[in-house]
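What follows is one structure encoded as structure tokens, with my remarks underneath.
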Amino acid sequence: MTLGLRNIPASSAAVTAAAAAAAAAAAVTTAIVFFRRRPRSSSTSFSLRNSAIMEDRRPDSVLVLFVKSSEEDEIALSLKAKKETLKLFEEGVAQGEIRVLLQSEIDSIDSPTFRSEPYMDALNTNSFGRLLIWSPRLPSTHDVVSKNFCEFPVGTACITDFQYKGRGRAKNVWESPTGCLMFSFTLQMEDGRKVPLVQYIASLAVTEAIKESCQAKGLPQIDVRIKWPNDLYLNGLKVGGILCTSTYSSNKFNVSAGVGLNLDNDKPTTSLNAALQEITAVSHQLGREDILAAFFNNFEKLFEVFLHQGFQVLEELYCRTWLHSDQKVVIEEKQEEQVVNIVVTIKGLTSSGYLLAMDEEQRYFELHPDGNSFDFFKGLVRRKLD
């Protein structure tokens, strides 16, 4: 994708950035089932394969809500009481019945594919991920949290085994096969200038979560890197991406953040566990529960630092993790009816979250997308920083 370049002086002021708009959804009949985390002596694993719900004409429409503690139990009861207000599908599509069920109302419970016990045990947050919706199949986890933002507490997360309308940047479709870790969650912000930088915090939380999970399991580190602005790469191949959308209401930005990460699926590129298999004989691998809990633990800490101290405090860590330090980039510019190639070197990020670059004459520029190309680095547009 072509990027714009703005010339900047060494003492540039912050540039106000606009927040993105929220999104779309799809239709299936839905049941929401609430399960509280039990003590370690009893199992919280279950599935609905043999229940009346799974015998419905649309068996893939089950949503299961896990909660970490008794504090979230009342939220579950509240959602059950106002199930008619939940909107999971796009305008014009038949909503179908939304069935909200408590654990006592479910028969024939076995293990689900998502293991809530190790996830909740590893989770150490005050807000994020404590209320977790799981489904075997969804159109999009992002749509579940964004369409019901005001119904769920901030920090609510949604995860699925398979989604068939996963979303990427600029309305691109994110392929989401089985084995991919796919989840979305909610957060709120007051400063609109900081909203576009949330994707950087989420990217950092993913890479830190992978490092911690490998270390905890005694696995070798795998070098997952951030490709600006919102992609994750491993050995030159894309293995993940971040999507953030927002709406503005009551003096706050309601942000829905989504993460897709190739954990076990080798297609369409490669996966984390495939990379681990190539470098170690250890049989155990990374699980969704490991990465998800480590992600929220890291995200909550990084987000607090970001809100109170700004991104500059985290920029050094971010730049150690990304692919672009001192990367040479060719800018194509039209000058007097001719296209001229200008080489600049990426030096970091500007205060508004765009790329900071320097040319051969030591002048600083801000690189930003022009919105036309799929790849951000397929040519750039520059803007001088005065």
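Atoms considered below: every heavy atom in the structure, side chains included; atoms not considered: hydrogens, waters and symmetry mates.
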Q: Decide whether Asn297 and Asn124 meet the rule of one side-chain donor and one side-chain acceptor closer than 3.5 Å.
A: no
Q: Taking all heavy atoms of Glu289 and all of Thr113, pick out the closest pair and write down the distance.
A: OE2-O, 4.0 Å
Q: Give the minimum heavy-atom separation between Glu315 and Leu349, together with the two atoms involved.
A: OE2-N, 3.1 Å
**Q.** Passing candidate, ring pair (Phe, Tyr, Trp, His ring centres under 6.0 Å) with Phe185, options Phe299, Phe152, Phe149
**A.** Phe299
Q) Going by heavy atoms in the side chains, are Ile75 and Thr156 under 4.5 Å from each other? A) no
**Q.** Pairwise side-chain contact, Lys227 with Lys238, heavy-atom cut-off 4.5 Å (strictly under)
**A.** no
Q) Do the two ring centres, one from Tyr200 and one from Phe306, sit under 6.0 Å apart? A) no
(Q) Is any side-chain heavy atom of Pro220 closer than 4.5 Å to one of Leu276? (A) yes
Q: Could you tell me which non-hydrogen atom of Lys68 sits nearest to which non-hydrogen atom of Leu123, and how far apart they are?
A: NZ-O, 3.2 Å
(Q) Looking only at the aromatic ring of each residue, does the gap between the centers of Phe183 and Phe114 stay below 6.0 angstrom? (A) no
Q: Answer yes or no: is there a side-chain heavy-atom contact under 4.5 Å between Ile226 and Leu232?
A: yes
**Q.** Parallel, tilted or perpendicular, as decided by the 30° and 60° cut-offs, for the rings of Trp322 and Tyr318
**A.** tilted
Q.
Testing the basics here: between Thr186 and Val154, what is the closest heavy-atom pair and its distance to 0.1 Å?
A. OG1-CA, 3.6 Å
**Q.** Least distance between heavy atoms, Trp228 atom then His324 atom
**A.** N-NE2, 2.8 Å
Q. Quick one: are Ile210 and Ile291 in side-chain contact, heavy atoms under 4.5 Å?
A. yes
(Q) I'd like to check Leu204 versus Thr207 (side-chain heavy atoms, cut-off strictly below 4.5 Å). Are they in contact? (A) yes
(Q) Can you list everything that forms a side chain to side chain donor-acceptor pair (under 3.5 Å) with Ser203? Sequence neighbours excluded, please. (A) none
Q.
More than 12 heavy atoms of other residues, nucleotides or ligands under 6.0 Å from NZ of Lys347: yes or no?
A. yes
Q: Walk me through it: do Arg288 and Asp161 pass the test salt bridge (charged side-chain N to carboxylate O under 4.0 Å, His left out)?
A: CA-CA 10 Å; Arg288 288 187 300 174; Asp161 298 346; 2.8 Å; yes
Q | Check: Asn235/Thr270 side-chain N/O donor and acceptor closer than 3.5 Å | A | no
Q) Can you say whether the rings of Tyr119 and Phe296 are parallel (under 30°), tilted (30 to 60°) or perpendicular (over 60°)? A) perpendicular
Q. At what distance, to the nearest 0.5 angstrom, does CE of Met182 lie from NE2 of His142?
A. 15.0 Å
**Q.** Over all atoms of both residues, closest heavy-atom pair of Met120 and Arg130
**A.** CE-O, 3.8 Å
Q) Would you say Gln327 and Leu355 make side-chain contact, with heavy atoms under 4.5 Å? A) no
(Q) Measuring only between side-chain heavy atoms, which start at C-beta, is Asn273 closer than 4.5 Å to Leu263? (A) yes
**Q.** Residue that, paired with Cys214, satisfies side-chain contact (heavy atoms from CB on, under 4.5 Å) out of Val224, Thr280, Leu286
**A.** Leu286
